[in-house]
Amino acid sequence: MFDSMRAAAAPADGHGDGDDLAVRTPPTRAVVLVTVVATVVTVVLGVLTGTAVLLLGLLVFLPAFASALCTPRQTALVSTWVSALVVVPVALSGERVADRVVLALFAVGFGVLAVYASRLRIAREGALVRLWSTAAAMQRQILRPLPLLTDDVLVDGVYEPVQQDKLVGGDIYDVAATPWGTRVLIGDVQGKGLAAVGMAIDVVGAFREAAHREPTVTALIDSLEAAVVRHNDYAEQRGEPQRFVTAAVLGVETGADVQLVICGHVPPYLLHEGRVTAVGAGTEQAPLGLADLVDEARTVSWFTFPAGATLLLCTDGLTEARAPDGAFYPLEARLGGHVDITAGRLTRSLVDDVHGFTAGAQQDDLAVLAVRRAPVRVPE
């Protein structure tokens, strides 16, 4: 079943950020239409009021508007048109020549400046697009695009940072196919801003390295703990506040039973055969970075993850979302209507539902993962 999903899980071609971030300019036909309409309105008003030449002077400012929205070529077209409309009446008129010559010079001068301003704007926007595209590509390496597929699970989901100008916030996730099965991470760095993103990078990097090195989930958690402690040590040297990370790590092997370690994170929910069941509730342990505050070592809990079942993992951006009246989003109750749909539709419908519940007011980063179990493999 999952082999047929492998192609669907791969990112589609043309998903690059450059297309989405290209400098947008109006089509030439629209520019011509607006210019002609403005000209007709000005001429009609001039004829009706008997001040056609003076009203044409108002068109001098049209290239300035074009320079803010159009390409240099389009701006040059508008400037040439306006200059002709102003210069020709001046050349044919014998009254108040000096005033009208000054008006004509202003029209030509404004047109030249408008073209120059349009060139500067396009150059700066292009530089910003290239800078943003580079930043977007770098951030895509931190959190890989979903869906992600291994021999054990299909992971799909939605990731929405609260700061819409960023692609990555304090919420993290990753999936690793290892010799000991599939490991899935979801986490939430305390706080927001670039400092939280820096911690997120360190934790994801530690997970990707340790998931393929450590044979047990507890050893993997210890590696994540060490990464958070090291990051906090460096932060303290720079005079920055220390942070902790809540996380849940799932270990899926060949059998039906899987491992789960919850480090202060939101417990997941198992969706199977029309039922919604909380998993791991009551087994929460200290968040990453705070292990020294407790005496007990971290341990794993086991639960049955049947073939075809779906496990929902999320951050508190979903569970702590509030309606305008202050009520929290009732995740478990809302999940009851989403038990028999695909992983991608499940996460997208939940996020749409929470947006409606909060009236579109997003208070925190939001990460929602749906982990779909593959048929259990029988060891040879």
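By convention here, the first residue in the shown sequence is residue 1. Fair warning: this is a prediction, and the values are worked out from it, not measured in the lab. Both backbone and side-chain heavy atoms feed into the values below; hydrogens, waters and symmetry mates do not.
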Report the residue from Leu313, Val249, Leu311 that forms a side-chain contact (heavy atoms from CB on, under 4.5 Å) with Val184. Leu313
Cluster link Ile122 to Tyr116, ILVMFWY, side chain under 4.5 Å: no
Could you tell me if Tyr159 and Asp365 have a donor-acceptor pair between their side chains, going purely by distance under 3.5 Å? no
In Å, rounded to the nearest 0.5 Å, how long is the span from OG of Ser67 to CG of Leu62? 10.0 Å
Any chance you could measure Glu160, atom CD, to Leu318, atom CG, to the nearest 0.5 Å? 10.5 Å
Has Glu320 got a side-chain atom pairing as donor or acceptor with Phe328's backbone, closer than 3.5 angstrom? no
Nearest heavy-atom pair of Gly344 and Asp156: which atoms, and what distance? CA-OD2, 3.3 Å
Is Val108 reachable from Leu113 through a run of hydrophobic residues whose side-chain heavy atoms are each under 4.5 Å from the next? no
Does a side chain donor of either Gln190 or Gln242 reach within less than 3.5 Å of an acceptor in the other side chain? no
Tell me, with the steps shown, if Tyr173 and Val155 meet side chain to side chain contact (heavy atoms under 4.5 Å, CB included). CA-CA 10 Å; Tyr173 66 84; Val155 182; over 6 Å; no
Separation of Leu185 CG from Leu250 CG (nearest 0.5 Å): 10.5 Å
Test item: Arg144 side-chain N/O and Val175 main-chain N/O as donor-acceptor pair under 3.5 Å: yes
Sequence neighbours excluded, the answer for side chain to side chain contact (heavy atoms under 4.5 Å, CB included) partners of Ala235 is Arg238, Glu240
Heavy-atom neighbours of Arg334 CZ exceed 12 at 6.0 Å: yes
Check Ser118 against Cys70 and note the closest heavy-atom contact, atom names and distance. OG-O, 2.9 Å
Mind checking side chain to side chain donor-acceptor pair (under 3.5 Å) for Thr246 and listing every partner two or more places apart, or none if nothing turns up? His265
Locate the shortest heavy-atom distance separating Gly111 from Pro63; write the atom from each residue and the value. CA-CB, 4.4 Å
Are more than 12 heavy atoms, taken from residues, nucleotides or ligands other than Phe357, located less than 6.0 Å from that residue's CZ atom? yes
Mind checking the CG-CD spacing from Leu335 to Glu332? Nearest 0.5 Å is all I need. 7.5 Å
Minimum side-chain heavy-atom gap Val276-Leu270 below 4.5 Å: no
Any side-chain heavy-atom pair of Asp352 and Leu350 under 4.5 Å: no
Can you run down the side-chain hydrogen bond (donor to acceptor under 3.5 Å, both in side chains) pairs that involve residues 304-319, sequence neighbours left out, and say none if there aren't any? Asp171-Thr315, Asp257-Thr304, Thr310-Arg372
Less than 3.5 Å apart, which donor and acceptor atoms pair up between the side chains of residues 217-230 and the rest of the protein, not counting sequence neighbours?
from, atom 1, to, atom 2, distance (Å)
Thr218, OG1, Thr216, OG1, 3.3
Ser223, OG, Arg213, NH2, 2.9
Ser223, OG, Ala219, O, 3.3
Glu225, OE1, Gly289, N, 2.8
Glu225, OE1, Arg298, NH1, 3.2
Glu225, OE1, Arg298, NH2, 3.1
Glu225, OE2, Gly289, N, 3.2
Glu225, OE2, Ala291, N, 3.3

Are the side chains of Ile262 and Gln285 in contact, using a 4.5 Å heavy-atom criterion? no
Tell me, do Val158 and Leu366 make a side-chain contact under 4.5 Å, heavy atoms counted? no
Taking the side chain from Thr75 and the backbone from Val115, do they hold a donor-acceptor pair closer than 3.5 Å? no
Determine yes or no for a side-chain-to-main-chain donor-acceptor pair under 3.5 angstrom, with Arg183 supplying the side chain and Thr178 the backbone. no
Return the set of residues passing ring-ring contact (aromatic ring centres under 6.0 Å, His included) with Tyr269 (not counting sequence neighbours), or none when no residue passes. none
Quickly, which of Val258, Leu260, Asp152, Val279 forms a side-chain contact (heavy atoms from CB on, under 4.5 Å) with Phe305? Name it, please. Val258
Separation between CG of Leu346 and CG of Leu271, rounded to the nearest 0.5 Å: 6.0 Å
Positive for side-chain contact (heavy atoms from CB on, under 4.5 Å) with Cys314, one of Asp188, Leu331, Leu369: Leu331
What residue pairs, at least two apart or across chains, pass salt bridge (Lys or Arg N to Asp or Glu O under 4.0 Å) with a residue in residues 272-291? Glu273-Arg275
Grouping I, L, V, M, F, W and Y whenever their side-chain heavy atoms are under 4.5 Å apart, do Phe207 and Leu148 come out in a common cluster? yes
Taking all non-hydrogen atoms of both residues into account, name the closest pair between Gly280 and Pro267 and its distance. C-CB, 4.5 Å
Does atom CG of Asp233 have more than 12 heavy-atom neighbours, drawn from other residues, nucleotides or ligands, at distances under 6.0 Å? yes
Step through the shown structure and confirm whether more than 12 heavy atoms of other residues, nucleotides or ligands are within 6.0 Å of CH2 on Trp180. yes
Locate the shortest heavy-atom distance separating Ala367 from Ile186; write the atom from each residue and the value. O-CD1, 4.1 Å
Of all the heavy-atom pairs spanning Ala321 and Thr358, show the shortest one and how long it is. CB-CG2, 3.8 Å
Met199 with Ile201, same ILVMFWY side-chain cluster at under 4.5 Å: yes
Are Val266 and Val300 connected in a single hydrophobic cluster, I mean Ile/Leu/Val/Met/Phe/Trp/Tyr linked by side-chain heavy atoms less than 4.5 Å apart? no
Are the side chains of Pro287 and Leu290 in contact, using a 4.5 Å heavy-atom criterion? yes
Hey, mind stepping through Gln259 and Glu253 against side chain to side chain contact (heavy atoms under 4.5 Å, CB included) and telling me if it holds? CA-CA 9 Å; Gln259 302 175 71; Glu253 300 181 8; 3.0 Å; yes
